[in-house]
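Heads up, the thing below is written out as structure tokens.
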Amino acid sequence: MTSKPLGKLIAIGGNEDKGTYPNPRTKKKYYLNFFELGILKRVILESGQEDPRIEVITTASMIPDEVARIYISSFTMLNCNNVNIMDIRTPEDARQPEYLERLRQADVVMMSGGNQSRLTEMFGGSEFLQILKQRYYEHPNFIIAGTSAGAMAMSKTMIKGGSVPDALMKGAVKMGTGLGLIDNVVIDSHFVKRGRFGRLIEAVALHPKLIGIGLGEDTGVLITEGNHLEAIGSNMVIIMDGHKLEHNNAAAAKKGEAISIESMLLHVLVKGNLYDVRQREFYPDLKLRQQAADSIRMTAGQDANASPVSTEAQ
């Protein structure tokens, strides 16, 4: 594999009630109002194909048939007619040669919302995941998109769940291993409406070398080269950076104790804003990021061309 992925990730914050019910006995009817059509348009655009071959993975959902119908309908509204569903419900399903071959031929892979742990249970350590990663790293414009749970599962370190009211009390956030498509971030979804600020702060406090990404509804990030983030959609993206923490008792605190943190850095991105994960830099737009990159290259070139300073005594 190349050192930098040639493909792209699109992590979407999701919408309310997409794939799970809060209570299996509830009488309320849940409508999966798929209003991320603007983001889906961007998914298609980034693929470089007018009518890309799209494979939707409904594994995370408890209502996969309904979710499948909605995705097919949504992509059809965008004039995409080559949309298929991977109805993978067991690890054995993920090993089917038909699915592996379809994965090799896909232009876009879309992972639905639901329970992110189901994605890791079905695909962790599998040939399916190996092919997915290989295509992501080696094929330009190959798109892996995910909404809600499908976005959260992209990272190597994954939030499995956790109580929002108890966030910042040690142990309230449950962490696990994700699919490992990107290894220097941790992602949370439904971030604004469900008030998950404390949950992501605790996750970053526990793993301060990671960048926390909180995705609002109808909002996402386009990730290129496994590093450059662009905010897309109508809401906001919250970035939590713990690299400059001066005090952090997350490791020492006992389960149930409050976590205290000093100097957590926070950025709020809206549509068109950019963030460089490795450099931990925010840019209002692409032009300013390009200017910064040009400046870094120019400085590096000047340093390389500079005459060496003599170390002999004068």
Side-chain angles (χ1 to χ4, degrees), residues 3-5 9 11 13 116-117 119-120 124 146 148-149 151-192 194-216 219-231 236-269 273-283 289 292 296:
S3 58
K4 294 180 181 179
L9 302 178
Q116 55 270 29
S117 293
L119 290 166
T120 58
S148 189
M152 295 175 68
M154 290 179 174
S155 55
K156 182 177 181 180
T157 301
M158 180 184 78
I159 296 175
K160 294 174 62 177
S163 168
V164 170
D166 294 332
L168 296 178
M169 306 298 288
K170 179 70 174 286
V173 177
K174 310 302 180 184
M175 306 297 293
T177 301
L179 299 178
L181 300 172
I182 182 169
D183 61 6
N184 48 3
V185 305
V186 59
I187 302 171
D188 209 347
S189 64
H190 299 286
F191 196 72
V192 179
R194 298 188 186 180
R196 289 176 170 173
F197 284 79
R199 190 164 93 161
L200 188 60
I201 291 172
E202 181 174 342
V204 173
L206 292 168
H207 302 274
K209 292 184 178 181
L210 302 179
I211 294 295
I213 303 175
L215 303 171
T219 303
V221 287
L222 166 67
I223 305 175
T224 54
E225 297 184 359
N227 177 55
H228 302 299
L229 310 185
E230 177 189 345
M236 65 187 72
V237 177
I238 307 299
I239 300 293
M240 301 281 186
D241 181 356
H243 285 77
K244 295 184 178 180
L245 292 182
E246 297 182 28
H247 170 75
N248 175 14
N249 75 337
K254 296 180 180 179
K255 186 175 181 180
E257 288 185 347
I259 296 174
S260 63
I261 301 165
E262 181 184 7
S263 300
M264 178 73 75
L265 187 61
L266 181 148
H267 307 283
V268 181
L269 279 64
N273 292 161
L274 305 156
Y275 187 79
D276 186 307
V277 173
R278 293 191 186 97
Q279 299 298 323
R280 302 186 294 281
E281 292 286 346
F282 169 93
Y283 301 100
R289 192 188 80 182
I296 291 172

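Starting from 1, each residue takes its place in the sequence as its number. Note: hydrogens, waters and symmetry copies are ignored here, and every other heavy atom, side chains too, is used. These numbers were taken from a predicted model, which means no experiment stands behind them.
Interatomic distance, CG of N249 versus CD of E257, reported as 7.5 Å (0.5 Å rounding). Atoms CG and CE, from L200 and M264 in turn, are 8.0 Å apart once rounded to the nearest 0.5 Å. For the atom pair CG of L229 and CD1 of I211, the computed distance is 9.0 Å after rounding to the nearest 0.5 Å. Atom-to-atom distance recorded for L9:CG and I223:CD1 is 5.0 Å, nearest 0.5 angstrom. Atom CD1 of I213 is separated from atom CD1 of I239 by 5.0 Å, given to the nearest 0.5 angstrom. Atoms CE and NZ, on M152 and K160 in that order, are 11.5 Å from each other to the nearest 0.5 Å.
The main-chain N or O of G178 is never found under 3.5 Å from a side-chain atom of Q116 such that the two would form a donor-acceptor pair. Judged by distance alone, with hydrogens and angles left aside, the side-chain atoms of D276 form no donor-acceptor pair with the main-chain N or O of E281 at under 3.5 Å. Counting only distance, with no hydrogens or angles, the side chain of N227 and the backbone of V277 share a donor-acceptor pair below 3.5 Å. Side-chain atoms of N248 come within 3.5 Å of backbone N or O of A205 as a donor-acceptor pair. A donor-acceptor pair is defined here as one N or O able to donate and one able to accept, closer than 3.5 Å; such a pair exists between the side chain of K170 and the backbone of A250.
Scanning both residues, I261 and I201, for their nearest heavy atoms gives CD1-CG2, 3.4 Å. The two atoms that bring G13 and S189 nearest to each other are O-CB, 3.4 Å, heavy atoms only. Pairing each heavy atom of A253 with each of A258, the nearest pair is CB-O, 4.3 Å. The two atoms that bring L245 and P208 nearest to each other are CD1-CB, 4.3 Å, heavy atoms only. Residue V185 comes nearest to L210 through the heavy atom pair N-CD2, 4.0 Å, listed as atom of the first residue, atom of the second, then distance. Smallest separation of non-hydrogen atoms from A231 and L269: CB-CB, 3.9 Å.
Under the side-chain hydrogen bond (donor to acceptor under 3.5 Å, both in side chains) criterion, S163 pairs with D166, sequence neighbours left out. The salt bridge (Lys or Arg N to Asp or Glu O under 4.0 Å) test applied to E230 returns R42, not counting sequence neighbours.
Residues M175 and H207 form a side-chain contact, since some pair of their non-hydrogen atoms from C-beta on lies under 4.5 Å apart.
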How far apart are the C-alpha atoms of H243 and L265, what are their side-chain angles, what is the distance that settles it, and do they pass the side-chain contact (heavy atoms from CB on, under 4.5 Å) test?
CA-CA 8 Å; H243 285 77; L265 187 61; over 6 Å; no
Yes or no on side-chain contact (heavy atoms from CB on, under 4.5 Å) for V237 and Y275, after CA distance, side-chain angles and deciding distance?
CA-CA 10 Å; V237 177; Y275 187 79; over 6 Å; no
Should I187 and L215 be marked as a side-chain contact (heavy atoms from CB on, under 4.5 Å) after you check the CA-CA gap, both sets of side-chain angles, and the distance that decides it?
CA-CA 8 Å; I187 302 171; L215 303 171; 3.7 Å; yes
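The aromatic rings of F197 and F191 lie tilted to each other, with the angle between the two planes from 30° to 60°.
Between K156 and the options V186, D183, N184, L179, a side-chain contact (heavy atoms from CB on, under 4.5 Å) holds for only D183.
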